[in-house]
Amino acid sequence: PLRHELLLQGDAYEGEIANDFQLSAPPPQYALSGRQLSEVQGGSLQLRWTRALADAEELVLAGFVDRTERELLPFSETRTNAFAEAQRRFRSARHDLTVGASLRTTHAETGNTFQIAFADPERTVTRSSLFLQDEITLDPGRWSLILGGRIEHEDVIGAYAQPTVRLVFAPDERQTW
């Protein structure tokens, strides 16, 4: 039997944050301190769709976008984060295999001021990844072995691998080590 599940969730906010600050600069020396109410606003939207393809298979597509704007002393920032992921899961008597890919990006625009200036006030950083995980049942309900790995690529540092090996022990239904 095919089964679909859909999650759609969002939020929005607007407000003020009280900030105590102290700013100083090199000669000619000056110092400024006080309290400022900083304006913040933003929102987010999340979507997750799961489709059971068979008794032991499913497909999951998920994503979110989040935007925030804030005016702080001594700078302002507008940031947008976005994420998308696709997963495919296969289960058998001894194996629970998940494979997938994801993409995450963040874009920031920072307002420069006299006190703080960014060399690149508008920047985007992206991370992409491929992943694989297999949970192998060794003793049903008690022991399992998780083998997996993720290969990621980030704009800033390049590509790298993240292997994982975990042994899981469940002495009873309420505990897992």
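- Applying the side-chain hydrogen bond (donor to acceptor under 3.5 Å, both in side chains) criterion to E71, with sequence neighbours excluded, gives no partner residue.
- Residue pairs satisfying the salt bridge (charged side-chain N to carboxylate O under 4.0 Å, His left out) criterion with at least one member in residues 76-85, sequence neighbours excluded, are listed as follows: R70-E77, E77-R79.
- Side chains of V125 and T105 form no contact here, defined as non-hydrogen atoms less than 4.5 Å apart.
- E135 and S144 share a side-chain donor-acceptor pair at under 3.5 Å.
- Of all the heavy atoms in A101 and L130, the pair that sits closest is CB-CD2, 3.7 Å.
- Taking CD of E69 as the reference point, atom OG1 of T78 lies at 4.5 Å (rounded to 0.5 Å).
- Sorted by first and then second residue, the ring pair (Phe, Tyr, Trp, His ring centres under 6.0 Å) pairs involving residues 38-66 (not counting sequence neighbours) are H4-W49, F64-F83.
- To the nearest 0.5 Å, the span separating CD on E152 from CD1 on I157 amounts to 8.5 Å.
- T124 and H107 share a side-chain donor-acceptor pair at under 3.5 Å.
- Residue L145 is found in a hydrophobic cluster whose other members, listed by chain and number, are I136, L138, W143, L147, V165, L167, F169, W177; membership requires side-chain heavy atoms under 4.5 Å apart, directly or through intermediates.
- Considering all non-hydrogen atoms of both residues, F118 and N112 come closest at N-OD1, 2.8 Å.
- For the atom pair S102 OG and R127 CZ, the distance stands at 8.0 Å (nearest 0.5 Å).
- Within a 6.0 Å radius of CD in E39, no more than 12 heavy atoms belonging to other residues, nucleotides or ligands are found.
- By the neighbour-count criterion of 12 heavy atoms within 6.0 Å, atom CZ of R48 is sparsely surrounded, having that number or fewer from other residues, nucleotides or ligands.
- Residues Q133 and R89 bring no donor and acceptor atom of their side chains to less than 3.5 Å of each other.
- Within the structure, salt bridge (charged side-chain N to carboxylate O under 4.0 Å, His left out) pairs that include any residue of residues 111-126 do not occur (at least two apart or interchain).
- Two residues are said to be in side-chain contact when any heavy atoms from C-beta on lie closer than 4.5 Å; L8 and Q46 fail this criterion.
- Here T126 contributes atom OG1 and D155 contributes atom CG; the two are 4.5 Å apart, rounded to the nearest 0.5 Å.
- Looking at T137 and R94, their side chains never bring a donor and an acceptor atom within 3.5 Å of each other.
- The backbone N or O of Q175 sits less than 3.5 Å from a side-chain atom of D172, completing a donor-acceptor pair.
- Counting heavy atoms from C-beta on, the side chains of T68 and Y13 come closer than 4.5 Å.
- When the shell of 6.0 Å around CD1 of I151 is examined, it contains 12 or fewer heavy atoms from other residues, nucleotides or ligands.
- N81 places no side-chain N or O within donor-acceptor distance of the main-chain N or O of T106, the cut-off being under 3.5 Å.
- In this structure, R88 and E57 have side chains that are in contact, with non-hydrogen atoms separated by less than 4.5 Å.
- Between the OG atom in S44 and the CZ atom in R67 there is a gap of 13.0 Å [rounded to 0.5 Å].
- Distance check, rounded to the nearest 0.5 Å: CG of D134 to CD1 of I146 gives 9.5 Å.
- Cluster partners of V60: none. The rule joins Ile, Leu, Val, Met, Phe, Trp and Tyr whenever side-chain heavy atoms lie under 4.5 Å apart, and it links nothing here.
- Side-chain N or O atoms of D11 include none that pairs as donor or acceptor with a backbone N or O of G43 at under 3.5 Å.
- You'll find the side chain of L61 stays beyond 4.5 Å of the side chain of T50, heavy atoms only.
- Using a 4.5 Å cut-off between side-chain heavy atoms of Ile, Leu, Val, Met, Phe, Trp and Tyr, with links allowed through other members, L6 and L45 fall into the same hydrophobic cluster.
- Considering only heavy atoms from C-beta on, Y160 stays 4.5 Å or farther from H153 through its side chain.
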